[in-house]
Undergrad: 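Can you read through this structure? Questions will come right after.
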Amino acid sequence: MSLWEYANPKKFLATSERVLPALWLLAAACLVIGLVWGFFFTPDDYRQGSTVKIIYLHVPSALMAINAWLMMLVASLIWLVRRHHVSALAARAAAPVGVVMTLIALVTGAIWGQPMWGTWWAWDPRLTSFLILFLFYLGYMALWAAIDNPDTAADLTAILCLVGSVFALLSRYAVNFWNQGLHQGASLSLDAEENVADVFYLPLLVCIAGFVLLFIALVLYRTGTEIRIRRMRALMARERAAA
């Protein structure tokens with residue numbers, strides 16, 4: 001079985017309808033377990049107090065904000081190379097989910113930063129690149145809405161996605177490129193010395209799994225909706241042409 005079989009809208013819809021119930025259930029279970037565990041059954045940090053517990057929303061949402069854009073980049077490249085409409089629609093479907101994740105990360109970051117830094121916002125390299133990424137999300141969705149021809153819209157938004165990927169990468173690695181700035185280093189890393197303490201680490205992993213599963217479920221659901229809308233518009237155009 002080839003992965004490209006799922007570029008067929010009928011195959012994609014049939015498969016997504018089968019897996020979505022399990023994805024919703026797993027996402028809900030991970031989010032409930034992770035958030036309850038993190039907020040109510042972990043101790044306060046010795047320096048940050050209870051404020052540290054916002055990590056269970058901030059880190060997963062920031063992680064998904066960046067990776068949502070990278071997923072859109074892969075889908076856009078598939079569209080540009082293979083011209084599979086499902087990939088273009090999947091990129092479009094992921095954008096509203098990504099912008100919400102980015103907004104959650106910005107808001108929770110501000111709430112976390114105020115008691116830690118003494119300010120709601122600073123023009124820190126990572127914060128600034130993340131704000132620019134948020135604006136790219138808005139521009140991406142606006143460009144889709146502004147162009148009537150879906151293929152032209154897919155082409156132009158794919159190019160915009162390529163440009164915006166620079167800021168997605170900067171959002172992830174800004175603290176490695178520039179030493180200045182208030183934002184701390186990575187909370188999760190392949191280097192065990194950079195990870196948070198185990199008491200926070202384990203529930204954080206569960207929360208991240210919940211956000212990942214929720215993102216996948218939302219993108220599959222929204223892509224199916226985009227496919228159905230496209231079919232409905234094609235049928236309506238055919239009826240108008242026949243009238």
Side-chain angles (χ1 to χ4, degrees), residues 1-36 57 60-61 63-104 137-138 140-145 147-155 157-158 161 168 205-242:
M1 181 179 294
S2 171
L3 181 65
W4 300 116
E5 291 183 19
Y6 296 97
N8 181 295
K10 185 176 181 180
K11 177 77 171 179
F12 179 89
L13 288 173
T15 304
S16 62
E17 287 173 359
R18 287 199 304 270
V19 302
L20 269 173
L23 283 174
W24 291 125
L25 183 61
L26 287 172
C30 287
L31 287 172
V32 170
I33 293 171
L35 292 175
V36 171
L57 289 173
S61 60
L63 184 67
M64 292 315 303
I66 297 168
N67 286 284
W69 191 275
L70 296 180
M71 171 261 158
M72 291 162 55
L73 171 63
V74 173
S76 297
L77 290 174
I78 292 173
W79 162 253
L80 291 174
V81 175
R82 302 293 295 258
R83 311 302 286 182
H84 290 317
H85 287 93
V86 171
S87 63
L89 295 178
R92 181 178 187 178
V97 184
V99 78
V100 170
M101 294 291 183
T102 309
L103 184 60
I104 292 173
Y137 269 117
L138 296 179
Y140 180 92
M141 293 188 295
L143 188 57
W144 263 109
I147 301 173
D148 292 331
N149 186 293
D151 287 356
T152 302
D155 288 336
T157 52
C161 194
L205 288 182
V206 178
C207 288
I208 290 173
F211 270 76
V212 171
L213 290 168
L214 179 63
F215 171 76
I216 294 172
L218 287 171
V219 171
L220 289 177
Y221 180 80
R222 286 185 48 80
T223 303
T225 302
E226 292 289 346
I227 291 172
R228 293 181 178 94
I229 291 174
R230 188 183 181 94
R231 284 181 172 178
M232 181 183 67
R233 288 175 177 170
L235 289 173
M236 291 173 64
R238 193 178 303 169
E239 288 178 358
R240 286 196 298 267

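All residue numbers refer to positions in the sequence shown, counting from 1.
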Undergrad: Of the non-hydrogen atoms in A90 and M71, which two are nearest, and what is the gap between them?
TA: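 That closest heavy-atom pairing would be O-CE, 3.7 Å.
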Undergrad: Could you state the interatomic distance from CG (N67) to CZ (F211), rounded to the nearest 0.5 Å?
TA: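 Those atoms lie 13.0 Å apart.
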Undergrad: Give the minimum heavy-atom separation between M72 and A91, together with the two atoms involved.
TA: CG-O, 3.6 Å
Undergrad: Does any N or O in the side chain of W69 come within less than 3.5 Å of the main-chain N or O of C161, such that one atom is a donor and the other an acceptor?
TA: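 Between the backbone of C161 and the side chain of W69 there is a qualifying donor-acceptor contact (under 3.5 Å).
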Undergrad: Search all heavy atoms of A154 against all heavy atoms of A88 and return the closest pair with its distance.
TA: CB-CB, 3.9 Å
Undergrad: Anything under 3.5 Å between a donor and an acceptor, one on a side chain of residues 214-227, the other on a protein residue two or more places apart or in another chain? List them.
TA:
unit_1 : atom_1 : unit_2 : atom_2 : d
R222   : NE     : A93    : O      : 2.9
T223   : OG1    : V219   : O      : 2.6
T225   : OG1    : Y221   : O      : 3.1

Undergrad: Could you list all the ring-ring contact (aromatic ring centres under 6.0 Å, His included) pairs where at least one residue sits in residues 70-97, not counting sequence neighbours?
TA: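 As it turns out, the ring-ring contact (aromatic ring centres under 6.0 Å, His included) pairs with a partner in residues 70-97, which skip direct neighbours, are W4-H84, W79-H85.
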Undergrad: Do R92 and T157 have side chains that get closer than 4.5 Å, going by heavy atoms?
TA: no
Undergrad: Are R83 and D155 close enough for a salt bridge, meaning some N to O gap below 4.0 Å?
TA: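 Counted as a salt bridge, because a side-chain N and a carboxylate O are separated by less than 4.0 Å.
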Undergrad: To the nearest 0.5 Å, what is the distance between OG on S87 and CG on L80?
TA: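 Here the rounded value is 8.5 Å.
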Undergrad: Ignoring hydrogens and angles, tell me if any N or O in the side chain of N8 forms a donor-acceptor pair with the backbone of K11 under 3.5 Å.
TA: yes
Undergrad: Measuring from M101:CE to I66:CD1, what's the distance to the nearest 0.5 Å?
TA: 12.5 Å
Undergrad: Taking the side chain as everything from C-beta on, heavy atoms only, tell me whether L31 gets closer than 4.5 Å to C207.
TA: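 When only atoms from C-beta onward are counted, C207 and L31 do not touch, as no gap falls below 4.5 Å.
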Undergrad: Is the side chain of T15 donor-acceptor paired with the backbone N or O of F12 at a distance under 3.5 Å, no angle test?
TA: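 No; zero donor-acceptor contacts below 3.5 Å.
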Undergrad: Whether E17 and R228 form a salt bridge (side-chain N of Lys/Arg under 4.0 Å from carboxylate O of Asp/Glu) is what I want to check.
TA: yes
Undergrad: Short question: side chain of Y140, backbone of P96 - any donor-acceptor pair under 3.5 Å?
TA: no
